[in-house]
Amino acid sequence: MTSIFKLNYPIDRNALLIDAETARETAELHGGPKTQKTGKWLISYYENDRTNKIMEDLNIKGKTRWYFIGNNFHVEPHVDTGTAKCAVCFVLSDNASPITIGDEDHHYTQALIDVQQEHSVKKSMEERIILRFTVEDKDFDTVAKEIRYKS
């Protein structure tokens, strides 16, 4: 069963990195107490015309989230509960660690991911910056059929 579809949406990475710095200004600690104690996983809900256009172009409806995952931080295996049935993620940092779904590593720069499958992220030598659109009302298989820009 496929848990990830890579995308080929023509992003303006430099513009999104500028947006990421604006998002960072409103970022707060993410996750539970153990994660928050490290101070290495931040989340921002900043959105703008560019993020809204990306969702429109991809034919998805979701909530915009920016993740800033610090270097040398392991995102432990988990399933997203109560926040998303699936997610579209754009990895904006260079040399980011892959996402692990089940026991398989996936390197990607942009993808639709089934976050109802157990997933994790290995430690990285540098910060991982992600623009993520969480889809709450449609499951992975439905979005996979409807999304545009599949590789």
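Small disclaimer: the values here were computed from a predicted structure and weren't measured.
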Exam field: side chain Glu126 to backbone Ser93, donor-acceptor pair closer than 3.5 Å: no
Nearest non-hydrogen partners of Lys85 and Asp114, listed with the distance: O-OD1, 3.7 Å
Inter-residue atom distance Asn72.CG - Met125.CE, 0.5 Å rounding: 6.5 Å
Nearest-0.5 Å distance, CD1 of residue Ile113 to SG of residue Cys89: 4.0 Å
Residue pair Ser124 / Asn95: nearest heavy atoms and the distance that separates them: OG-O, 3.7 Å
Donor-acceptor pair, side chain of Gln116 and main chain of Ala84, under 3.5 angstrom: yes
Exercise: identify the closest heavy-atom pair between Val91 and Ala96: CG1-CB, 3.5 Å
Smallest separation among heavy atoms of Ala27 and Ser44, with atom names: CA-CB, 4.0 Å
Non-hydrogen side-chain atoms of Pro98 and His107 separated by less than 4.5 Å: yes
Lys NZ or Arg CZ of Lys150 over Phe5 ring: under 6.0 Å, within 45°: yes
side-chain contact (heavy atoms from CB on, under 4.5 Å) assessment of Leu112 paired with Val88: CA-CA 4 Å; Leu112 169 66; Val88 172; 4.0 Å; yes
Residues Asp105 and Lys122 bridged, charged N to O under 4.0 Å: yes
Pairwise side-chain contact, Asp19 with Leu131, heavy-atom cut-off 4.5 Å (strictly under): no
side-chain contact (heavy atoms from CB on, under 4.5 Å) evaluation trace for Asn8 with Lys6: CA-CA 7 Å; Asn8 61 5; Lys6 293 182 180 178; over 6 Å; no
Value rounded to 0.5 Å, distance of OH in Tyr9 from OG1 in Thr109: 13.5 Å
Nearest-0.5 Å distance that lies between atom CH2 in Trp66 and atom NE2 in His30: 16.0 Å
CA sep, side-chain torsions, deciding dist, call: Ile129, Arg24, side-chain contact (heavy atoms from CB on, under 4.5 Å): CA-CA 10 Å; Ile129 302 170; Arg24 190 186 299 271; 3.9 Å; yes
Atom of Ile99, atom of Tyr108 and distance for their closest heavy-atom approach: CG2-CE2, 3.6 Å
Hphob cluster co-occupancy, Tyr45 + Tyr67, side-chain heavy atoms under 4.5 angstrom: yes
Parallel, tilted or perpendicular, as decided by the 30° and 60° cut-offs, for the rings of Phe133 and Phe90: perpendicular
Any side-chain heavy-atom pair of Met55 and Asn52 under 4.5 Å: yes
N-O pairing of Asp57 and Lys53 below 4.0 Å: yes
Heavy-atom check, side chain of Glu28 versus side chain of Ile43, under 4.5 Å: yes
Flag side-chain contact, heavy atom, 4.5 Å: Ile11 against Tyr149: no
Non-hydrogen atoms of Ile130 and Arg128 that approach each other most closely: CD1-NE, 3.1 Å
Hydrophobic cluster identity match, Leu42 and Ile18, side-chain contacts under 4.5 Å: no
Audit row: Arg65, Thr134, side chain to side chain donor-acceptor pair (under 3.5 Å) steps and yes/no: CA-CA 7 Å; Arg65 289 173 166 74; Thr134 60; 2.7 Å; yes
Reported CG-to-CD1 distance for the pair Leu7 and Ile147, which is rounded to 0.5 angstrom: 4.5 Å
From CA spacing to verdict: side-chain contact (heavy atoms from CB on, under 4.5 Å), Thr100, His106: CA-CA 6 Å; Thr100 303; His106 300 272; over 6 Å; no
Asp137 CG: over 12 foreign heavy atoms closer than 6.0 Å: yes
Side-chain heavy-atom pair Lys40, Asn71 within 4.5 angstrom cut-off: yes
Glu146 atom CD, neighbour heavy-atom count above 12 within 6.0 Å: yes
Atom pair CD/CG of Gln110 and Leu58 - distance to nearest 0.5 Å: 8.0 Å
N/O donor-acceptor pair under 3.5 Å between His78 side chain and His119 backbone: yes
Thr83 side chain near Val115 side chain, heavy-atom distance below 4.5 Å: no
